[in-house]
Amino acid sequence: MQWSSPPEAIERFKSQEIWLAPPQFYELCRLCNISSLHELHKFSSDRALEGCERWMPVTLTASDGYIQLLPGDELYPEDPDYTGEKKVTMSTDKTVEDLMREGSIFHRMVIKNFNSLAVYVNIQAKYKHMNPLMINTDCSDYTSRL
């Protein structure tokens, strides 16, 4: 086991030294905004009583990858299937690039393959939280509409 700062862990993921699940990648992108343990403590203390939001990523299957939609994204369903009982499947014949080019309100993670993740967020975070840095591990450029 090796300790890594959030930026180091993301770099290790990019170089395929380690693998990160999408939720951990998202949180590391968020932690990249904080430069010290003192700053993290201050941030967490300042927003401790602000509230929390329940999240359930919803996966949209595209022709060449996946997009995990999060609350606030324009494609996020109004009534997500929190329990899995409805067996709702979201899919499209469009490519990830097409979906990114057509969209304008993002809170999503793009997953092209096992080692290719990207975070796109242009919404205001709730409850005084902070958005993650937008990091793309495969260098595709979907930022033209952000």
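The residues of the chain are indexed from 1 along the displayed sequence. Bear in mind that the values here come from a model prediction, so they are computed numbers and not experimental data.
- In this structure, CD1 on I34 lies 11.5 Å from NZ on K42, to the nearest 0.5 angstrom.
- Annotation: side chain of M56 is in contact with side chain of Y76 (closest heavy-atom distance under 4.5 Å).
- One finds the CD atom of Q68 at 6.0 Å from the CE atom of M109 (value rounded to the nearest 0.5 Å).
- Rounding to the nearest 0.5 Å gives a distance of 7.5 Å between CG of L69 and OG1 of T59.
- To the nearest 0.5 Å, atoms CZ (R47) and NZ (K126) are separated by 12.5 Å.
- The aromatic rings of W55 and H107 sit perpendicular to each other, their planes meeting at more than 60°, with 30° as the lower class boundary.
- More than 12 non-hydrogen atoms from other residues, nucleotides or ligands lie less than 6.0 angstrom from CG of D46.
- When all heavy atoms of T137 and S116 are compared, the pair lying nearest together is OG1-CA, 3.3 Å.
- Looking at residues two or more places apart in sequence or on another chain, you find a ring-ring contact (aromatic ring centres under 6.0 Å, His included) between H129 and F43.
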Pair L31, L40 - check side chain to side chain contact (heavy atoms under 4.5 Å, CB included), show working. CA-CA 8 Å; L31 285 170; L40 177 60; 4.1 Å; yes
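- In this model, a donor atom of one side chain and an acceptor atom of the other lie less than 3.5 Å apart for D98 and T95.
- Between the side chain of N33 and the backbone N or O of R30, at least one donor-acceptor pair lies under 3.5 Å.
- When each of L60, L99, D64 is tested with K94 by the rule side-chain contact (heavy atoms from CB on, under 4.5 Å), just one qualifies, namely L99.
- Proximity of a side-chain donor or acceptor of N131 to a complementary backbone N or O of N122 within less than 3.5 Å is not detected.
- Between the side chain of E39 and the main chain of S35, a donor-acceptor pair closer than 3.5 Å is present.
- Shown here for E74 and G103, the closest heavy-atom pair between the two residues is OE2-CA, 2.7 Å.
- How far NZ of K14 is from CG of N115: 13.0 Å, rounded to the nearest 0.5 Å.
- In this structure, R108 and L75 approach most closely via the heavy-atom pair NH2-CD1, 3.6 Å.
- Within 6.0 Å of CD in Q124 there are 12 or fewer heavy atoms belonging to other residues, nucleotides or ligands.
- Residues Y120 and N136 have side chains in contact (heavy-atom distance under 4.5 Å, counting atoms from C-beta outward).
- At a threshold of 4.5 Å between non-hydrogen side-chain atoms, the residues I123 and I105 count as touching.
- Counting only heavy atoms from C-beta outward, the side chains of L28 and F13 never approach each other to under 4.5 Å.
- When all heavy atoms of S15 and E17 are compared, the closest pair comes out as OG-OE2, 3.0 Å.
- Of all non-hydrogen atoms in E53 and Y127, the two that sit nearest each other are CB-CE1, 3.8 Å.
- The 12-atom threshold is not exceeded at OH of Y66, counting heavy atoms of other residues, nucleotides or ligands nearer than 6.0 Å.
- Across all their heavy atoms, S4 and A9 have their closest contact at CB-N, 3.8 Å.
- Rounding to the nearest 0.5 Å gives a distance of 10.5 Å between CD1 of I18 and CD of Q24.
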